[in-house]
Amino acid sequence: MRVKFAYAVSIAAAVAMLTACGKKQDGEAGAGASAAAASAAPASEAIVVKIGHAAPLTGGIAHLGKDNENGARLAVEEINAQGLTIDGHKIDLQLDAQDDAADPKTGTAVAQKLVDDHVVAVVGHLNSGVSIPASKVYSDASIVQMSPSSTNPAYTQQGFKTTYRVVATDAQQGPALANYATNALGAKRIAVVDDATAYGKGLADEFAKTAEANGAKVVTREATNDRATDFRAILTKIKSVHPDAIMFGGMDATGGPFAKQAAALGIRAKILGGDGVCTDKVGELAGTAVQNLVCSEAGLALSKMDRGADFEKKYVDRFHTPVQIYAPFTYDAVYVIVDAMKRANSIEAPKVLAAMPSTDYHGVIGRIAFDDKGDLKEGAITLYDFKDGKKAVLDVVKM
């Protein structure tokens, strides 16, 4: 997450100068032009500052991407309604929302577009497989990138100073699921399936590592893809090795049909999944088979957040749809970025970036403070099963 922010609409000359600069100089010019815009603009005239948001708004998990965007938009609208002043200037926040289609190549192009749009910071991306390649673009531009939902540990382990996240990681989520499988379910023989994405495979790897350390045996390890719809060949093979439990690393768009087809084949082993499948929509996709699913979220349940009920009411009143999963996290991510702007007393991206490590913010999701990699110092994993097609909290594991 890094450099540049929007400048007053009235200073078109500064915009033209920025577009004429090369990539590295563009970053430096962007900061300078923003500062010039702030000093040149009358105190009564609001300066437009863009916060980027990137998530899939098309494709099989567009409902999750829109949920993330809604959370960020709700925060931007609230902050504008309350009034924001930085360094004596009124600020008009704008959400620069982009569709990355959950695709790494598209995501990288979107990241460059947000850099070119001179955003002050980015909330995104949703998927680890998109956040990781996009992070190099933001790093090169010195713009803060704060993911609300990317859980692959590698995202914050690349040595970039710009990568942050407001969720726990799969190094915590995978073991929590594995401990449940081996301890609560008593599973000794486990089948592991992933969708071959950075998220799905990463989560499955962490799960398998802990399950084996706990004494369980991975009796088969299978891979599909994140666009698959027919899992019968994989499930037939799994059925033949008689597992006590099945771990599925993927999203709800594939996890729901996977569970439904498993039930149709008479497989009774409990199916375990991560936050990608842990949505109310998976109940629609899996049908009655969702009763055989246990899943996790890399954070507290909305019902367990101190301000969760208030957030849920505001969200539903504004968007007339229920919260899917990570909207509270994108909401808080925007507030954390604005908090850094206030502490830096600046709308310059490098200064906002410099303020980020000292963050200590109490939001809807709880306390937000970061370690030296940009991961949360305090996290939680919530385990769920399903009652009448809806998620019900099983347990909360504090990390």
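Starting from 1, each residue takes its place in the sequence as its number. Any value given below was found using the heavy atoms of this structure, including those in side chains, with hydrogens, waters and symmetry copies removed.
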Applying side-chain hydrogen bond (donor to acceptor under 3.5 Å, both in side chains), run through Gln173 and Asp170 and close with a yes or a no. CA-CA 4 Å; Gln173 186 172 206; Asp170 292 334; 2.9 Å; yes
Output yes when a side-chain donor or acceptor of [X] lies under 3.5 Å from a complementary backbone atom of [Y], and no otherwise.
X      : Y      : value
Asn214 : Ala216 : no
Asp332 : Ile365 : yes
Asn225 : Ala228 : yes
Ser131 : His125 : yes
Asp339 : Tyr335 : no
Thr236 : Arg232 : yes
Tyr326 : Asp67  : no

Tell me every residue that passes side-chain contact (heavy atoms from CB on, under 4.5 Å) with Thr108, counting only those two or more places apart in sequence or in another chain.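 Per chain and number, Thr108 pairs via side-chain contact (heavy atoms from CB on, under 4.5 Å) with Pro133, Val137.
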side-chain contact (heavy atoms from CB on, under 4.5 Å) with Asp375: which residues, sequence neighbours excluded?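 Asp375: side-chain contact (heavy atoms from CB on, under 4.5 Å) contacts with Thr156, Arg165, Thr169, Asp371, Lys373.
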Among side-chain atoms of Thr58 and Asp99, is any donor-acceptor pair under 3.5 angstrom? yes
Those residues that, when tested against Glu222, pass salt bridge (charged side-chain N to carboxylate O under 4.0 Å, His left out) (two or more places apart):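 Scan of Glu222 (salt bridge (charged side-chain N to carboxylate O under 4.0 Å, His left out), adjacent residues dropped) gives Lys237.
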Applying side chain to side chain contact (heavy atoms under 4.5 Å, CB included) between Leu185 and each of Leu272, Val294, Ile190, report the one that passes.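 Passing option: Leu272.
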Consider side chain to side chain contact (heavy atoms under 4.5 Å, CB included). Of Ile51, Leu114, Val115, which one does Val122 pass it with? Leu114
Of all residues at least two apart in sequence or in a different chain, which pass the ring-ring contact (aromatic ring centres under 6.0 Å, His included) check with Phe370? Tyr164
Less than 4.0 Å between a side-chain N and a carboxylate O, is that true for [Y] and [X]?
X      : Y      : answer
Lys105 : Asp103 : no
Asp360 : Arg367 : yes
Lys314 : Asp310 : yes
Asp195 : Lys201 : no
Asp385 : Lys387 : yes
Glu69  : Arg73  : yes

Supply the members, apart from Val282, of the Ile/Leu/Val/Met/Phe/Trp/Tyr cluster built from side-chain contacts under 4.5 Å; use none for a lone residue.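 Traced through the cluster, Val282 reaches Val193, Phe231, Ile234, Leu235, Ile238, Ile246, Phe248, Phe258, Leu265, Ile267, Ile271, Val277, Val290, Leu293, Phe386.
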Hydrophobic side-chain clustering at under 4.5 Å (ILVMFWY, transitive links): who's grouped with Leu57? Put none if nobody.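 Answer for Leu57: none, a lone residue.
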Kindly indicate, with the supporting measurements, whether the criterion side-chain hydrogen bond (donor to acceptor under 3.5 Å, both in side chains) is fulfilled by Arg343 and Thr359. CA-CA 9 Å; Arg343 287 184 290 108; Thr359 295; 3.1 Å; yes
Going through the checks in order, is the side-chain hydrogen bond (donor to acceptor under 3.5 Å, both in side chains) test met by Gln98 and Asp96? CA-CA 7 Å; Gln98 301 293 330; Asp96 188 343; 2.7 Å; yes
More than 12 heavy atoms of other residues, nucleotides or ligands under 6.0 Å from CG of Asp317: is that the case? yes
side-chain hydrogen bond (donor to acceptor under 3.5 Å, both in side chains) between Asp275 and Tyr199: does it pass, once the steps are laid out? CA-CA 10 Å; Asp275 53 322; Tyr199 163 69; 2.8 Å; yes
